[in-house]
Amino acid sequence: MDYNFHDIEKKWQKYWEQNKTFKTSEDLTNPKKCYVLDMFPYPSGAGLHVGHPEGYTATDIFSRYKRMKGFNVLHPMGWDAFGLPAEQYAIQTGTHPSITTKNNCDTFRRQIKELGLSYDWDKEINTTDPGYFKWTQWIFIRLYNTWFDEKLQKGRPISELSVAAHLGTEEKIKYINSKRLAYYDNALVWWCPHCCTVCANEEVLNDGTHEKCGNRVERRNLKQWMLRIPLYAERLLKGIDKLDWPEGIKDMQRNWIGRSTGAEVDFKVEGLNINLTVFTTRPDTLFGATYMVIAPEHPLTDSITTKDQKSSVENYIKTSSLKSDLDRTDLAKEKTGVFTGRYAINPVNNKKIPIWVADYVLTGYGTGAIMAVPAHDTRDFEFAEKFNLPILCIQDPDVNDSEQKQRILDGKECWTEDGKYINSSDKVTGVDINGLNKEAGIVRITKWLESKKLGTSKVNYKIRDWLFSRQRYWGEPFPVIHWEDGEVTVMNDDELPLELPQLEKYLPGESGESPLANSEEWLNVVDKNGRKGRRETNTMPQWAGSCWYYLRFIDPKNDKLIFDSEKEKYWMPVDLYIGGAEHAVLHLLYSRFWHKVLFDLGIVSTDEPYQRLFNQGMILAFAYESETGAKVSGDLVEEREGKYSHKESGAELHQIVAKMSKSLKNVVNPDDVTSKYGADSLRLYEMFMGPLDVTKPWDEKGVKGVFGFLGRACRFLTNSENIFTGNEDPEVLKGLHQTIKKVEGDIESLHFNTAISSMMIFLNLATKKGKITTDTAARFTKILSPFAPHLSEEVWQSLGNNKSLAYEPWPDFNEEYLKEDNFNYPVSFNGKTRFNIELPVNLSKEEIIKIVLSDERSRKWIGNSTPSNIIVVPNRIVNIVIKP
RNA sequence: GCCCGGAUGGUGGAAUGGUAGACACGCAGGACUUAAAAUCCUGUGACCAUUACGGUUGUGCGGGUUCAAGUCCCGCUCCGGGUACCA
C-alpha cells in the first residue's frame, strides 16, 4: 500500500472523534494515573506556528505511551484567551473581543485536531468563559480574605486574624487590610502609554520597554490591586527543591525570589533622637563603613536633612524622580547624590560618618538605607571615588598579586572576596574581629549587635508585591465594589460571575481608567440601604486565568464547585508539564503562589502544582538576506554547494538562523507541512530534530527524511508478502527487543529523537531481512504508534485488528533476547584502537589476554617490547599498554 | 558584572570515562525510467597513501588526571538565555 497519508489521517481523526477514543476515564480506582499538561496557548489571530506542535507532540507521545502502559491519563487542552490583541482589534473595528476570540479558538482547535493529538475535548476550557472566570473571581475573593501567619508560615482565613481590641473601627479595617493577600493601594507603577495600562515589574524589560509591545514605560502613581506574594517567598523557595524541574529554571526562580541573609543595624543620628536602620549582608564590614546613604524616597530624608542642605537635597529628589521616567538603564549607572548635612554614629566604634542621599539606594529593598563600605562594595567604591569620601580597607585580601594587594590595602581598589580582618577592633565598644575570616566575622559581629540590641539578623527577598490590575476591557472583572463612604467590599460567591458589560467603544480613558468606566449601567450599584457604589473598573492581568487552569481541567463543567475534591485528590499533582522557557519565572511562580494559598485553605491537596516540568526549546528557521540586508523568502532561494543565491536575480545570498518572523520571511506554517507530508511526518520531524529542550532550526529537508521513513514503514508493514506466521529470525527478534527497550526508556526520559532513530534502525534491519512475523510487526506498530498514531492505526488494522490500538498493552521486552553470545572486542594499544576481535562473552580476563596476545595483529603493535599493563573490561574493551 | 546553558563532519544531531560521528539530511556514483520525479543499492570527517584486510589526524583553545577523556578537573575564547545599583 502506498503511503496515502492524507486519507489515512482524515480517516483516523474521524474515528477517534466519533468513538471518543481519548475520553478521560471516570474510574478513580485505578491507582495508576498520569496528568499530562501542555501550557495552553493564547489563541492569536495568526494561528498555530511550528513551535506549538513541538511541546504538544511531546506530551501526546507521553500520554499515548502511558495509556498503553495501563495508566488513566488526563490530557486536556484549552485557551488562555483574555488578552490585548483581541481588544486592540475591537478598538479598531468595533468587533467584540469575544467574537474574535471565538474565531481564533476555532482555528486553533481545527489546527490542533489535524495534528492527531489525543486530547479529551470534553475537557476543553476557555478562560474568557463566564463559567470559567467565575472561579477566577472566586479565587480572588479567597486571596482577599486570607492573611499570612508568619509564625505558622501559612495562609489563614481573615476571620482567624486577631485584632487588638482597643482599635477603632477605621483602624481595625486598616489593620485587616494591611494583612490581606490582596489589597488596594497607591503604588508607583509602570504605565505603558501605548497599551494604556499598567504592567507588572516583571513585564518591563531591562531596557525599560514593555515586553508586550516594545514601547517605553513610564512611572505613575495609581491606586491598584496588589498581591502580597513576598509573604510566600520562603515557601516558594523551599518548595523548589522537591520539584523535578530543569535546574536552570529552578535557579531562575531562586534568583527571582532573591533571598539574602544579613542583619539590620541601627545607627544613631547625631543631633536627632532617631535611629537610621540599614540592611546589610556584610555586618562584618561595619568598621569599614565610612558614610551612609538613604534613598531619595526614604521617609526620614526630610527630618535628617539640615537647613543648609535642604534646597540641594530637595532639588536632588526632584531630578532623581524625573530621571526614573527618562531612563532606567544608562543614566542610572552614573552615580549621583547629595550630602544631607547630617552625621550618623557607627555603633562599633562610635565614629561620625556623613549621611548622603543617593538614588543608587532603592526604596523598595531592605530598609531603603545602607551603610556604605567603599573598600568592600563596588557600588559604594564608585560613589566614594566620585565624591571623595574616605575609603578604609578592613580586610587583608586573599590575593597573590602583591601590587594589587597594596592597592586594596591603600583603598585604591575594591575587594569583595574573603580575607583576614584588619582595622577591625575598638577598645571602647569591645568589638574585635581582627584576624578572622568573613564567615566567622559575620557571626561574631551579628552576635555582638544582638546582645547590645543594636541590630538583628534578618532575611530579605528581592521579590515584590505583584501588581494585579490592568486598565483593560478584555480581562476578568474584579468582584469588587467601592462604596461612596469609602468602604470596599468583595461580592458574595453566589453573585458570581460578574460578567463584562457590552460596550460601544473599547477605548480606554486617558486618565488611566479602563474602558469599563464608560459603562454607567454596569458601573453604578446601590445596596439595599440606598448606599451608592461603583464597581472596580480595572480588570485582572492575563496571568490570572493561567494561574489555576490545570485545576479546572480536572472538572471543567462543574457549576457548583470549582472542582470536585475527590477528583482533585486523584489527579493532582500534574505529572508532566511541558511548555516554553519564557514562562520560567512569571507564570510558574504566580501559579505556584496561588496553589500554595489554595493548599493552605484546604482547597487543594498538594503543596505544589507541577511535579515534573520540562521546557521545550525554541524552533528557529533559516532566513536569507542579500548583500544589502534585504530579506528573501526561502522558496526563492537556490542552494548550490553550500552557497545560496536568488532563483530569479541570481544574486548571492547568505543564510542566517533566526526566530521565525514575518519581517524575516521565514515563518513556517504547520498547515503547509501537514498538507505536503502529513501530520505524522510533522510530529515525527518535530521530535527528530534534536533534543526537546534545545533551540534548533527548522529544515524542510529534515521533514522529507522522516516522511521517507514513514513511507517505508507503511509499504513494508502493509505488504502481506513481508509478513509471515512462524518463528522469528533471531537477529530480528534481538533488534525488536532492543528497540522496544530503547523506545520505552527514551519516552520516559523525553529523548524522543533517539527513540525515533532506534525505530529507523529496526526498520532498516527488517527491510534488509525482507520478512518479519505478524507478532513482530504488531509489536513494532505499537511502539511506533505514540509517535505516528495515524499510520500506526492503519497498519494495525491491516494486520487484522478491528479496534483502535490506543489502549493495546505496551509490548514488553525480553532481556533473554538481548543477550549476546559474542562480543566484538576493540583491541587498543596505548589507548588507540587497532583491530577488533570477536570473542565469547563468558571468557575470563586471562583467556582474553591469551587470545589477544597470540593474535597475529597484536605482534605488529607490540613488536619486541613487552606489554607493561593489559586492561580488560569485560564486554567493553581490551587495552594493551606498551612503554616505548 | 553576576547566574545558567552550549560549542562534535557540509547540515540537524548520537555517544553509562571504554571502537567518536549512531540515525537522518545533503552530496557523489549506480539501478529502474525515453526522461524526470518517486523508489532502491553503494560510498561519504579531514589529510596521506592507494598494493593493500593501510597510516596520520580529529569533538572551540591551553593545561592536567587516567591504562583510556567529547565525557572528569583547572585556566581561557566565543555563542545563547536569564538578571542587573537588591546593599
Side-chain angles (χ1 to χ4, degrees), chain A residues 2 205-206 246-256 258-260 262 278-282 285 293 328-329 332-335 358-362 364-373 376-380 382-383 416 460-464 581-582 584-585 615 617-618 622 639 641-642 655 685 688-691 693-706 708-709 711-712 715 751 753-761 763-764 767-768 824-836 857 860 867-873 875-883:
Chain A
D2 274 347
L205 303 179
N206 55 22
E247 283 306 318
I249 302 297
K250 290 185 174 187
D251 276 338
M252 280 167 69
Q253 293 224 342
R254 289 189 187 107
N255 290 338
W256 195 267
R259 184 184 204 270
S260 60
V278 301
F279 172 72
T280 174
T281 55
R282 295 290 307 274
T285 59
V293 184
R328 304 203 310 149
T329 49
K333 292 287 174 199
E334 183 65 26
K335 288 198 175 41
D359 63 4
Y360 82 91
V361 171
L362 308 174
Y365 186 77
T367 62
I370 61 153
M371 63 178 208
V373 186
H376 306 288
D377 180 287
T378 16
R379 295 152 303 181
D380 298 343
E382 280 170 27
F383 191 81
T416 57
N460 254 314
Y461 302 92
K462 269 201 283 192
I463 191 169
R464 308 291 168 82
E582 66 272 21
V585 178
N615 294 114
M618 220 186 335
F622 295 115
E639 189 201 338
E641 289 169 12
Q655 190 188 51
Y685 178 59
F688 188 62
M689 289 172 85
D693 56 344
V694 306
T695 322
K696 45 216 173 256
W698 185 271
D699 186 0
E700 190 180 318
K701 288 181 202 128
V703 188
K704 270 187 197 162
V706 293
F709 163 70
R712 282 192 293 279
R715 287 187 296 273
H751 293 146
N753 55 333
T754 48
I756 293 167
S757 94
S758 73
M759 289 188 284
M760 287 173 167
I761 293 170
L763 186 71
N764 290 346
T767 316
K768 200 168 250 173
N824 195 17
Y825 278 91
V827 179
S828 54
F829 295 83
N830 292 339
K832 281 181 189 169
T833 310
R834 296 304 179 179
F835 62 88
N836 287 337
R857 290 168 291 184
K860 178 175 170 188
S868 59
N869 193 4
I870 300 175
I871 286 111
V872 177
V873 184
N875 300 318
R876 214 159 269 282
I877 201 168
V878 177
N879 188 17
I880 298 166
V881 186
I882 303 153
K883 289 229 175 94

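Naming convention: chains lettered A, B, ... in sequence-line order (proteins, then strands); numbering from 1 in each chain. Source: prediction; values computed, not measured.
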- Item | Phosphate OP1/OP2 of B:G81 contacted by A:Asn615 side-chain N/O (<4.0 Å) | no
- Task: Send over the distance from A:Asn255 CG to B:G1 P, rounded to a whole Å.
- Result: 17 Å
- Message: Quick check on B:U56: is either OP1 or OP2 less than 4.0 Å from any side-chain nitrogen or oxygen of A:Arg834?
- Response: yes
- Sugar-phosphate, base or nothing in reach of A:Asn764, heavy atoms under 4.0 Å: sugar-phosphate
- Task: To the nearest 0.5 Å, tell me how far A:Tyr461 OH sits from A:Ser260 OG.
- Result: 9.0 Å
- Do A:Trp698 and A:Phe622 have ring centres separated by under 6.0 Å? no
- Query: B:U83 C1' sits how many Å from A:Lys462 NZ, rounded?
  - Reply: 7 Å
- Message: Can a donor-acceptor pair be found, under 3.5 Å and without considering hydrogens, that links the side chain of A:Asn869 to the backbone of A:Val881?
- Response: no
- Query: Which is true for A:Gly258 with a 4.0 Å heavy-atom rule: it touches a base, it touches only sugar-phosphate, or it touches nothing?
  - Reply: nothing
- Message: Over all strands shown, is A:Asp699 touching base, sugar-phosphate only, or nothing at heavy-atom distances under 4.0 angstrom?
- Response: nothing
- Distance below 4.0 Å between A:Lys768 side-chain N/O and B:C41 OP1 or OP2: no
- Query: With a 4.0 Å cut-off on heavy atoms, is A:Asn824 in touch with a base, just the backbone sugar-phosphate, or nothing at all?
  - Reply: base
- Sort out the partner of B:A87 for me: Watson-Crick or G-U wobble, both distances under 3.5 Å, none otherwise. none
- Query: So does A:Ser758 get a side-chain nitrogen or oxygen closer than 4.0 Å to the phosphate oxygens (OP1/OP2) of B:A22?
  - Reply: no
- Using atom CD1 of A:Ile877 as one end and atom P of B:U19 as the other, report the distance to the nearest whole Å. 6 Å
- C1' spacing across the pair B:A46 / B:G58, given as an integer number of angstrom: 8 Å
- Task: Please work out if A:Val881 contacts a base, only the sugar-phosphate, or nothing of the nucleic acid, heavy-atom cut-off 4.0 Å.
- Result: sugar-phosphate
- Looking for any heavy atom pair under 4.0 Å, which part of the strands does A:Ile871 touch: base, sugar-phosphate only, or nothing? base
- Query: Roughly how far, to the nearest 0.5 Å, is OH of A:Tyr685 from CG of A:Asp699?
  - Reply: 5.0 Å
- Note on the structure: With syn defined as a glycosidic angle within 90 degrees of 0 and anti as anything else, the base of B:G64 is anti
- Query: Nearest-Å distance, CZ (A:Arg857) to P (B:G55)?
  - Reply: 12 Å
